[in-house]
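Below is one structure; the comments refer to it alone.
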Amino acid sequence: MSTAKKEYKRITVKSLTEMKSRGEKISMLTAYDYTMAKIVDGAGIDVILVGDSASNVMAGHETTLPITLDQMIYHASSVIRAIERALVVVDLPFGSYQSDPKEALRSAIRIMKESGGHAVKLEGGKEVKDSVKRILHAGIPVMGHLGLTPQSIYKFGTYTVRAKEEAEAQKLKEDALMLEKAGCFALVLEKVPATLAREVAESLTIPVIGIGAGGGVDGQVLVTHDMLGMTHEFNPRFLRRYLDMYAEMTNAFKNYAADVKSQDFPNDEEQY
Ligand code: KIV
């Protein structure tokens with residue numbers, strides 16, 4: 001299989017399928033605001049996820065459950081204003097799609113109309129099948145999310161690896177196939193054994209994007225603040241840190257404070 005990289009001016013759901021068939025891995029990162037999205041997009045990341053992890057990262061909540069649809073729309077519209085190339089996928093937050101397919105469609109339409117996002121993502125398998133179909137029927141691309149699904153954290157009880165047991169692995173495989181058949185354009189697999197993730201990716205034609213799911217899938221996603229080392233208290237095995245921004249930023253703030261106290265800042269060139 002060729003892994004030649006094709007240049008895309010704009011990433012669409014079709015580009016992602018093409019990447020999978022060419023064997024080109026898909027890069028995806030989160031962003032919740034204009035400035036970060038501009039840097040992520042400018043760096044050539046294929047997909048920007050306006051994740052409901054904004055609930056943790058931006059608002060300091062313990063879980064993703066509290067973030068609202070209005071707040072997701074605010075984050076997504078800030079991201080959309082920044083991007084020129086990436087496909088922007090927006091999470092449907094907890095409580096905006098679980099009760100019935102009509103509500104799910106209403107929430108997805110609000111995201112598309114009010115933020116300008118390009119696609120939505122929602123968590124779950126056969127429980128959300130009707131909602132997925134309804135949203136797709138309105139012409140809105142849907143990305144699935146299986147494995148560790150943080151919106152169900154109180155059902156699982158922990159953030160440990162999912163689908164290690166045969167029964168759960170079997171359900172995950174069935175759900176993945178169902179989501180592909182329903183028309184999802186891609187699937188996120190979070191924190192599942194690498195062999196299972198590879199098997200799912202190989203059995204589907206749609207791209208499977210992993211987080212803590214090993215290298216056998218079609219792409220990778222990380223939370224940007226984690227890979228930059230800004231959230232230094234979060235240390236899962238799957239996380240590769242590309243910077244130690246926590247230390248860098250702390251140092252910069254300390255230097256600034258010291259310069260202000262010592263009256264080194266501002267100097268003669270830094271004033272009018
Ligand atoms: O909300 C999020 O950031 C996510 C990723 C972890 C996939 O869903």
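One-based numbering, in listed order, for ligands and for the atoms of each.
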Closer than 4.0 Å to some heavy atom of [X] - which atoms of ligand 1 meet that?
| X | value |
| --- | --- |
| H145 | 8 (O) |
| K121 | 4 (C), 8 (O) |
| I211 | 6 (C) |
| L49 | 2 (C), 3 (O), 4 (C), 5 (C), 7 (C), 8 (O) |

Item checked: Min N/O separation Y32 to ligand 1 under 3.5 Å ->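 Looking only at distances, the answer is no, because the N/O contact criterion of under 3.5 Å is not met.
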
Margin query: With respect to E190, determine whether any N or O atom, backbone or side chain, lies less than 3.5 Å from an N or O atom of ligand 1.
Written below: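 There is no such contact.
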
With a 4.0 Å cut-off on N to O distance, would you call [X] and [Y] a salt bridge?
| X | Y | answer |
| --- | --- | --- |
| K6 | E18 | yes |
| D130 | R134 | no |
| D91 | K121 | yes |
| R162 | E168 | yes |
| K254 | E248 | no |
| K20 | D218 | yes |

Item checked: Any E123 heavy atom less than 4.0 Å from ligand 1 ->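 The answer is no, since E123 has no heavy atom less than 4.0 Å from ligand 1.
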
Check: Does even one non-hydrogen atom of M28 get within less than 4.0 Å of ligand 1?
Finding: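 No, M28 has no heavy atoms under 4.0 Å from ligand 1.
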
Notebook entry, point to check: Can Q98 and Q151 be counted as having a side-chain donor-acceptor contact under 3.5 angstrom?
Noted result: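 Side-chain D/A pair, Q98 to Q151: present.
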
Next item on the list: Indicate, as side chain, backbone, both or neither, the part of T30 found under 4.0 angstrom from ligand 1 when only non-hydrogen atoms are considered.
Entry: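 Side chain only.
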
Check: What part of T64 sits under 4.0 Å from ligand 1 if we count only heavy atoms: the side chain, the backbone, both or neither?
Finding: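 It is neither; nothing of T64 touches ligand 1.
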
Checklist line | Identity and separation of the nearest protein heavy atom to atom 3 (O) of ligand 1 | finding: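 Protein heavy atom at minimum distance: S53 OG, 2.5 Å.
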
Check: Between the main-chain N or O of T63 and the side-chain N or O of S55, is there a donor-acceptor pair closer than 3.5 Å?
Finding: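 Yes, because the side chain of S55 sits within donor-acceptor range (under 3.5 Å) of the backbone of T63.
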
